[in-house]
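Sharing a structure here in structure tokens format.
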Amino acid sequence: MASTAMPTRDDFAALLDKSLGESQSFEGKVVKGRVTAIENDLVVIDVGLKSEGRVSIREFTPPGQAPQVSVGDDVDVYVDRVENAFGEAMLSRDRARREAAWDKLETQFNAGERVDGTIFGRVKGGFTVDLGGAVAFLPGSQVDIRPVRDVTPLMGIAQPFQLLKMDRKRGNIVVSRRSILEETRAEARTGLIQSLAEGQVIDGVVKNITDYGAFVDLGGIDGLLHVTDMSYKRVGHPNEVINIGDTVKVQIIRINRDTQRISLGMKQLESDPWEGAEAKYPVGAKLKGRVTNITEYGAFIELEPGIEGLVHVSEMSWVKKNVHPGKIVSTSQEVDVIVLEVDAEKRRISLGLKQAQRNPWEVFAEEHPVGTIVEGEVKNSTEFGLFIGLPGEVDGMVHMSDIAWGVSGEAALQLHHKGEMVKAQVLEVDVERERISLGIKQVSGEGAGTAAVAGEEGPSDGFNLKKNEVVTVIVRESRDGGIEVQIGEDGPTAFIKRSDLSRDRDEQRPERFQVGQKVDALVIGFERGKKPMLSIKARQISEEKQAVAQYGSSDSGASLGDILGAALNKAKQDG
């Protein structure tokens, strides 16, 4: 009978080391195990150790789905410890999946590949994504190309992501959904933009509206519809024409394939109102329009939808100078205008507002011929005369030499003040230059400005002269301020001021008179020393008034030249 040797202490130590070594070699590793049972919320797994381990069934439940485990399944688990206090193996399905996922993700990250994941939670600044066991962070700015208010429809759905950053030691993974969308969109844009052509008409959906236009989705690529290309008529804001979500028909104006920018237009699909504009709006035509915009330099008038003309500030009013156009017209006001110039090629029409009304200087000239007495308020006093407000919102000027008899111009200016009502005689009306010359002293020899007049008549060295008498004088000397004359060969002398040399200012030049020349002048008064005061201008005005009264008037249809011609012929015949 054979005997059996008893194991020694060294043998037991070797067996123990072998058993412990095999068990300890499992710790910290992912091993294959088999599901032996499912007890309540725990899954029992045998990994070939002395005892089985238990794992929560939640670790077998993908986000938003039912548990995916059954008895008999072979699963990978991570061995944290061989035995716990209860003699069981400490296992983790999540840790196993995470370790396996990290290995795979590192390979994909290094290769720049996309990864599949599922958004399952919300955290500060973004969301959590399950990448097959590894949890990644999805920043809010990387969810979509445009800001997304509600991410709920995107959660629990498997979709591709791009790995932006990985740090295995810290367990950090950052992913982006936006980069996937941009790449996909860029591919779609490239394909779509190749299929488009300038001049093509296509339907699109308004996605966004700005102050300068709208972005229209053409089926994967956006085009810009600028506000100036929405309509031929003036558009203040794109909302006046379109709204977000509208389906619009547009024409492709320009395509930049390098930058993938597309310019669109809507008005190009309409008939151009500027075609034939020169025929529709001939120069001189009187039209009615609506004020659409007012600027510092004028106002824009809409003649028809798509056709606007500019009334420059200089063409807005006959009498209101250097005022803002907004003080003459208002937005949406209906006004009458005259076409001044048309440039269909540059799409410009110049209009006149004042031309649609009668020139107030023409009206004044018709209603107040030379010699008429008018009354008005002194609007302003300058160093050379007074400005008087007249009917028709026009002003007339009284030169300081025509304010009063027998006093200097500077002294005459002191006789009247701003706001005073005065009477004056119309001396001249220049419609083209918009000037009206008046005279206060010509109204009468009495009252303000005539204090220097001593009487209606008076002996002057043996000459019995009377006021308003025409006398022939001989030029003795020409000076800057006028001419020195003598009545007759041995009569008294007098000085005719420059302003009294002619009714025409251009002829009020003393140098045009020669010494010894004989001229006729009107006695307009006498100084205190009975020295006569003479005026050639007053004589011209007096003769014209007499001729008009005797030979015709503007109502008879006769011109001033006809009237004066008849008077001269009569004078010759009488002579």
Side-chain angles (χ1 to χ4, degrees), residues 56-69 92-168 170-192 204-210 214-224 239 242-247 260:
S56 172
I57 195 170
R58 288 180 298 177
E59 297 189 28
F60 292 89
T61 306
Q65 302 180 36
Q68 297 179 356
V69 62
S92 172
R93 170 61 175 166
D94 283 344
R95 187 72 182 270
R97 292 175 66 244
R98 186 159 54 249
E99 291 296 323
W102 270 96
D103 292 338
K104 181 179 179 182
L105 290 173
E106 285 183 336
T107 301
Q108 293 174 309
F109 178 71
N110 293 330
E113 298 176 356
R114 300 178 179 180
V115 298
D116 291 331
T118 304
I119 302 174
F120 69 90
R122 189 188 300 268
V123 294
K124 183 179 180 180
F127 306 89
T128 51
V129 180
D130 178 21
L131 301 179
V135 177
F137 174 63
L138 173 64
S141 61
Q142 296 297 320
V143 175
D144 207 323
I145 297 174
R146 293 187 176 87
V148 179
R149 295 182 179 178
D150 186 11
V151 186
T152 303
L154 301 177
M155 300 183 70
I157 301 174
Q159 51 193 310
F161 294 88
Q162 187 70 45
L163 293 166
L164 300 181
K165 180 181 178 182
M166 288 189 68
D167 188 339
R168 190 160 189 168
R170 296 184 178 182
N172 292 336
I173 303 176
V174 180
V175 296
S176 171
R177 178 175 177 268
R178 174 177 178 171
S179 61
I180 299 296
L181 297 177
E182 288 178 341
E183 184 178 343
T184 303
R185 184 183 181 186
E187 294 174 355
R189 285 170 62 95
T190 302
L192 179 58
V205 178
V206 180
K207 293 182 63 176
N208 190 27
I209 293 178
T210 67
F215 289 94
V216 181
D217 184 2
L218 304 178
I221 186 171
D222 290 349
L224 174 61
N239 281 330
I242 56 177
N243 297 298
I244 294 177
D246 288 352
T247 298
Q260 294 191 340

| message | Between E183 and R178, does any side-chain N to carboxylate O distance fall below 4.0 Å? | response |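 Salt bridge absent between E183 and R178.
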| said: Looking at T118 and D130, would you say the former's side chain and the latter's main chain have a donor-acceptor pair under 3.5 Å? | reply: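 Judged by distance alone, no pair lies under 3.5 Å.
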| said: For a 4.5 angstrom cut-off between non-hydrogen side-chain atoms, does I157 reach I119? | reply: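 No, too far: nothing below the 4.5 Å cut-off.
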| said: Within the 4.5 Å heavy-atom criterion, are F120 and V135 side-chain neighbours or not? | reply: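 Yes, their side chains come closer than 4.5 Å.
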| request: Just jot down the side-chain contact (heavy atoms from CB on, under 4.5 Å) partners of V69, sequence neighbours excluded, or say none. | output: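 For V69, the residues satisfying side-chain contact (heavy atoms from CB on, under 4.5 Å) (neighbours in sequence not counted) are V35, I38, V43, I57, F60, D73.
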| Is any side-chain heavy atom of R114 less than 4.5 Å from a side-chain heavy atom of I180? |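 Sidechains of I180 and R114: in contact.
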| What residues form a salt bridge (Lys or Arg N to Asp or Glu O under 4.0 Å) with E113, not counting sequence neighbours? |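 Salt bridge (Lys or Arg N to Asp or Glu O under 4.0 Å) check on E113 returns nothing, list empty.
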| Interatomic spacing from CZ in F161 to CG in L138 - rounded to 0.5 Å |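 The CG atom of L138 is 6.0 Å from CZ of F161, to the nearest 0.5 Å.
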| task | Can you tell me which residue pairs pass the side-chain hydrogen bond (donor to acceptor under 3.5 Å, both in side chains) test with a partner in residues 157-167, sequence neighbours excluded? | result |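 side-chain hydrogen bond (donor to acceptor under 3.5 Å, both in side chains) check on residues 157-167 returns Q159-R177.
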| message | Working note: L154 + V143, criterion side chain to side chain contact (heavy atoms under 4.5 Å, CB included); need CA distance, chi angles, decisive distance, verdict. | response | CA-CA 9 Å; L154 301 177; V143 175; 3.8 Å; yes
| said: Can you give me the closest heavy-atom contact between L131 and G117, atom names plus distance? | reply: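 Of all heavy-atom pairs spanning L131 and G117, the closest is CD2-CA, 3.8 Å.
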| task | Return the set of residues passing side-chain contact (heavy atoms from CB on, under 4.5 Å) with F137 (not counting sequence neighbours), or none when no residue passes. | result |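 Listed in chain order: V123, P139.
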| request: Mark yes or no for whether N110, through its side chain, and T107, through its backbone, hold a donor-acceptor pair below 3.5 Å. | output: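 Pair absent, no side-chain N/O of N110 close to backbone of T107.
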| message | Between N172 and M166, does the side chain to side chain contact (heavy atoms under 4.5 Å, CB included) criterion hold? Intermediate values first, please. | response | CA-CA 6 Å; N172 292 336; M166 288 189 68; over 6 Å; no
| query | Can you tell me how far the CD1 atom of I173 sits from the CG atom of L164, to the nearest 0.5 Å? | reply |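 The distance works out to 11.5 Å.
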| message | Using every non-hydrogen atom in the two residues, find where Q142 and S176 come nearest and quote the distance to one decimal. | response |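 Shortest heavy-atom contact: OE1-OG, 2.6 Å.
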Under 3.5 Å, side-chain donor or acceptor atoms of residues 144-151 against the rest of the protein: list the pairs with distances, not counting sequence neighbours.
| unit_1 | atom_1 | unit_2 | atom_2 | d |
| --- | --- | --- | --- | --- |
| R146 | NH2 | D222 | OD2 | 3.1 |
| D150 | OD1 | T152 | N | 3.1 |
| D150 | OD1 | T152 | OG1 | 2.7 |

| task | Grab the two heavy atoms, one from P160 and one from D116, that are nearest each other, plus how far apart they are. | result |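 For P160 versus D116, the nearest heavy atoms are CA-OD1, 3.9 Å.
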| Taking it one step at a time, do D246 and V205 satisfy side chain to side chain contact (heavy atoms under 4.5 Å, CB included)? | CA-CA 6 Å; D246 288 352; V205 178; over 6 Å; no
| CG-CG distance between D217 and N208, expressed to the nearest 0.5 angstrom |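 D217 CG to N208 CG: 11.5 Å, rounded to 0.5 Å.
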| Do F215 and I209 come close enough that some side-chain heavy atom pair is under 4.5 Å? |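 When only atoms from C-beta onward are counted, I209 and F215 do not touch, as no gap falls below 4.5 Å.
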| message | Could you work out, with salt bridge (Lys or Arg N to Asp or Glu O under 4.0 Å) as the rule, every residue matching D103, not counting sequence neighbours? | response |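 Partners of D103 by the salt bridge (Lys or Arg N to Asp or Glu O under 4.0 Å) criterion, ordered by chain and then number, come out as R168.
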